[in-house]
Amino acid sequence: MTLQQVVEEKQHRLLRRRHRPAPVRRVGRHDDGPPVPQRGLDNLLEERPATAAAPGMERQDQRSRIASLQVAGDGDRVEHLAVSGHVDCLCRDAGSRAGLGKCRGRHRKQRQDGGKLHSRDDSASGSGGVTVRTRFAPSPTGYLHIGGVRTALFNWLFARRHGGRFILRIDDTDQRRNVREALQPILDGFRWLGLDWDEGPEVGGPHAPYFQSGRQARHQEAVERLLAGGHAYRDYATADEIQAEREAAQRRKQRFIYSRRWMAETPAEAAAFESQGRRAVVRLKMPREGVCAFDDQVRGPVAFEWALEQDHVVQRADGSCLYHLASAVDDHDFEITHVIRAVEHLSNTPRQIFITRALGYDAPAYAHLPYVAEPGSAEKLSKRKLNAYLQHPDFRKLHEHGAAIMSALGESPPPQSFNPLVVEFYRTVGYRPEALLNYLLLLGWSLDDRTEMFTTAEMIAQFTLDRVNRSAASFDALKLLAFEERYMQRLPAEARVAAVVPFLQRCGALPPSPTASDLGRVSRVVAAAGERIRVAGDIVNYTDFFQSDRAFPYDEKAFRKRLRADGAAARLERFRAALETVEPYDAETLNGVMHRFVEAEAIPIGRIVHAVRVAVTGKAVGFGLFEGMEILGRAACLARIDRALEELERSAAERV
RNA sequence: GUCCCCAUCGUCCAGAGGCCUAGGAUUCAGCCCUUUCAAGGCUGAGACACGGGUUCGAAUCCCGUUGGGGACGCCA
């Protein structure tokens, strides 16, 4: 093929690409050219021949069958479907509400015009005048889970990017526990991370209450409207009867579909069942025909057959409402425009769409994020297996590192929250919240093939749902540590000192109100330690600089190896003599002293350096020895060497 | 079992038909530097699940297979 042909082909394709539906960020001027469905009805037919149409059907028949299904299930969208032949987006019509989320036919990542930077002029709020509103709905479990934070972060970023509002709603319909107590650590976690919420607990808002348990009246009202509209019915089946039907379906290897034998649609029917002593729950009367198709903001068009859906219970006999009803109603009441949540909710979406539409609400746009997987596996992270994950080598590393800091602090955090899968862990040990956020951002999202560090402002400016990945991502503890290191290294000196001081106080190395000279020493130690302090809590490795010369502990093993060696004590004593007169007492000079000493003694430097290090710091490892000696000062160094010599003498005496 | 979703180095991502001899990060290994431990520098190992199709050309589009995951509750 000639170059000319290649060029022509390329141009041809580019021309065609221009007619693709516009990406989200160009909303507002995307009505040029017809949308080209990439995964439209044709493909659905091909992909799902057995379910969407009977096997052996001709293409044309399949198409009309689908079209009729659409009619049954989908009312007013049908004409468009029949005409355009592609699955329309149920989430939001073009131009309505935020004007976001118009069906783009395809939601793969879109090439960004002119480089990687998005500008803010594409913000959704700009086009429709309606504020983007997202929510995160934690249940009060007592701790903030890493997977939940990722979901919350994406919601938060999306709202912030579009100048919208981020709402916290508490899903506490399961009220067995003390909600207040179980909620506090979650709110604390959000605050620590800097994920602020515009409406929700503690801050209130125009749609209060933000606790689901306080919204029962609204839910009740919705149930009544569902009933009145014929979208739900009272059902008098017992749990056992339903179970029997379910098992029968299982035996037939079919999906369970309720027979509606105990359905009561009229007062007379209800009375008849009640006379048998039965009590009613309220079930959705789900369509038994048609397709529920919607356009997921990260996964593209998705379709479910209504007939395969259950008549889900929305209200128990005692009047309490179930999650999906409550959620759909609350999302509407809170004017949520974008429901961004984990994929496990994808297959729950049809019933929520059903409830939403039956109630006459506009459906929000949906975006289903891939879940965060277990370390080294594709399985979803499970809160119940937190302890099991500690067996994973990378996790164990992180956990042990944290545990060592805790033990140096003399603290024993509760094991259920002292886990690298719980945000609290990172806070206790002294990670930077920005590092955690940055790591989590990249778990399922990326800007390009190299940008990795994002300030919060940059995240907000760059975040788009179309660059969210669709496959599960497993949590990599070591990579998170690597991010933490980078953030710590880039922290300005004062900030690093400030991060470290509380840890010194927690272990008693520093008084509650440290003096300027205390802080000066901290800052010198922090500077000398450099990259060795990866996590603020790592400062516990240098507490010897803050302890009295006679109190800091010696590492037994190092003491034995470096100071009990033949001739070590005598050498140390001679080196000590040299220290008495050095002037000035700084690292550079000390280095010179050491080298002259080594030369005079005709020994390799290793024979003396380690002995001095152990004598002066008690440890076998640490940062530059001479920097350390300078920080301690002459008097302390001499005192420490004297103490080491005394201990040597004493132990020698004991051995004799 | 039924439905839905997913599939690029061990892990996280890039890739939107030719810029791919597949790029970055992390991890791992080796070397250099060095008073220890780190850091740093350099080098290296390491992936398009498989099979068909479309095309001059496929990691990329289509179909199938396989594999993985999720949902099928009077849980949230």
Side-chain angles (χ1 to χ4, degrees), chain A residues 1-2 5-6 9-10 13 17 38 43 46-48 51 106 108-111 137-139 141 171-174 212 235 239 242 246 249-256 281-283 296 299 302-305 308-310 312-318 320 322-324 326-327 342-348 368 370-371 373 375-380 394 439 442-452 469-483 485 489 529-534 541 558 591 594 598 604-606 608-610 612-614 619-626:
Chain A
M1 157 160 55
T2 66
Q5 285 172 309
V6 171
E9 165 76 9
K10 185 80 180 169
R13 299 214 167 252
R17 193 174 301 148
Q38 298 292 317
N43 293 328
E46 280 169 12
E47 286 162 17
R48 314 164 69 241
T51 54
R106 182 187 189 211
R108 313 275 329 226
K109 290 157 189 174
Q110 307 287 332
R111 184 184 295 283
S139 8
T141 52
D171 279 5
D172 60 345
T173 36
D174 156 40
Q212 259 183 354
D235 182 58
I242 293 289
R246 185 171 280 126
Q250 198 98 44
R251 278 194 297 276
R252 276 179 275 122
K253 297 190 190 298
Q254 280 169 354
R255 179 170 251 227
F256 162 61
V281 298
V282 176
R283 300 190 101 98
D296 191 282
R299 321 190 94 80
V302 205
F304 294 84
E305 275 187 82
L308 266 11
E309 285 289 318
Q310 304 301 315
H312 305 280
V313 173
V314 290
Q315 186 176 39
R316 299 186 184 92
D318 68 2
S320 59
L322 276 331
Y323 171 75
H324 294 289
S327 188
V343 246
E344 61 213 68
H345 285 289
L346 184 57
S347 39
N348 297 328
H368 289 96
Y371 53 84
S377 136
E379 238 169 284
K380 187 176 83 167
D394 296 352
Y439 172 74
L442 264 16
L443 204 57
W445 182 88
S446 66
L447 177 63
D448 54 31
D449 65 338
R450 54 202 65 228
T451 316
E452 292 205 309
N469 224 49
R470 290 174 300 176
S471 45
S474 79
F475 185 81
D476 183 346
L478 291 185
K479 191 156 184 176
L480 167 57
L481 220 208
F483 270 93
E485 270 182 71
Q489 284 168 33
E531 299 86 355
R532 291 167 187 81
I533 297 178
R534 299 182 293 177
N541 295 323
N591 191 17
M594 174 67 81
V598 162
I605 195 165
I608 179 69
V609 157
H610 300 295
V612 176
R613 180 187 296 281
V614 174
K619 297 186 179 67
V621 299
F623 51 78
L625 175 61
F626 307 114

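All values below come from the heavy atoms of this structure, side chains included, with hydrogens, waters and symmetry mates left out. So that the names make sense, note that chain A is the first sequence line, chain B the second, and so on, each numbered from 1.
- Remark: the backbone N or O of A:A477 is not paired with any side-chain donor or acceptor of A:D394 at under 3.5 angstrom.
- Summarising the geometry, the separation between CD on A:E309 and P on B:G73 is reported as 10 Å, rounded to the nearest angstrom.
- Listed nucleotides: B:U11, B:C4, B:A76. Nearest to the side chain of A:D171: B:A76.
- Comparing the C1' positions of B:A25 and B:C9 gives an interatomic distance of 12 Å, to the nearest angstrom.
- Distance noted for atom P between B:C75 and B:A7: 34 Å (whole Å).
- Distance check on atom P: B:U60 versus B:U8 gives 12 Å, rounded to whole Å.
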Tell me, for nucleotides 37-48 of chain B in 5' to 3' order, what letter each nucleotide earns: B for a base near a protein heavy atom under 4.0 Å, S for only sugar-phosphate near one, - for neither? BBS---------
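- Put simply, the side chain of A:R534 never gets that close to the backbone of A:L481: no donor and acceptor are under 3.5 Å apart.
- Nearest-nucleotide mapping onto RNA chain B: of A:N591 and A:F483, the residue sitting toward the 5' end is A:F483.
- Put simply, CZ on A:R316 is 8 Å from C1' on B:C75, counting in whole angstrom units.
- Of the candidates B:C74, B:C6, B:C72, B:C74 carries the atom nearest the A:R283 side chain, counting heavy atoms from C-beta on.
- B:C9: no Watson-Crick or G-U partner with both key distances under 3.5 Å is found in any strand.
- In this entry B:G44 has B:C28 as its Watson-Crick or G-U wobble partner, both defining distances falling under 3.5 Å.
- Using the Watson-Crick or G-U wobble rule with both distances under 3.5 Å, B:A39 pairs with nothing in any strand shown.
- Look at NZ on A:K479: it is 8 Å from C1' on B:G24, rounded to the nearest Å.
- In this structure, CG of A:L308 is placed 16 Å from P of B:G1, rounded to the nearest angstrom.
- Look at B:A49: its Watson-Crick or wobble partner, with both distances under 3.5 angstrom, is B:U65.
- With sequence neighbours excluded, the residues satisfying ring pair (Phe, Tyr, Trp, His ring centres under 6.0 Å) with A:F623 are A:Y542, A:F545.
- Taking a centre distance below 5.5 Å and an interplanar angle below 30 degrees as the stacking criterion, A:H345 does not stack against the six-membered base ring of B:A71.
- Nucleotides B:G15 and B:C20, compared at atom P, are 14 Å apart to the nearest Å.
- Within the shown strands, B:G18 is the pairing partner of B:C56 under the Watson-Crick or G-U definition, both distances less than 3.5 Å.
- A distance of about 9 Å separates the C1' atoms of B:C28 and B:G10, rounded to the whole Å.
- For A:D476, the listed nucleotide lying nearest its side chain is B:G10; candidates were B:G73, B:G10, B:C75.
- For B:U2, the paired nucleotide is B:A71, the pair qualifying as Watson-Crick or G-U wobble because both relevant distances are below 3.5 Å.
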Distances for protein N or O near nucleotides 28-31 of chain B N or O, under 3.5 Å:
none

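- Taking the C1' atom of each, B:U11 and B:C61 are spaced 29 Å apart, rounded to whole Å.
- B:G46 and B:G51 are spaced 25 Å apart, taking the C1' atom of each and rounding to whole Å.
- With hydrogens and angles ignored, the 3.5 Å screen pairs no side-chain donor or acceptor of A:R283 with any backbone N or O of A:D235.
- In this structure, A:S474 and A:L625 both approach RNA chain B, and ranking their closest nucleotides by distance from the 5' end singles out A:S474.
- With P as the reference atom, B:A47 and B:C5 are 31 Å apart, rounded to whole Å.
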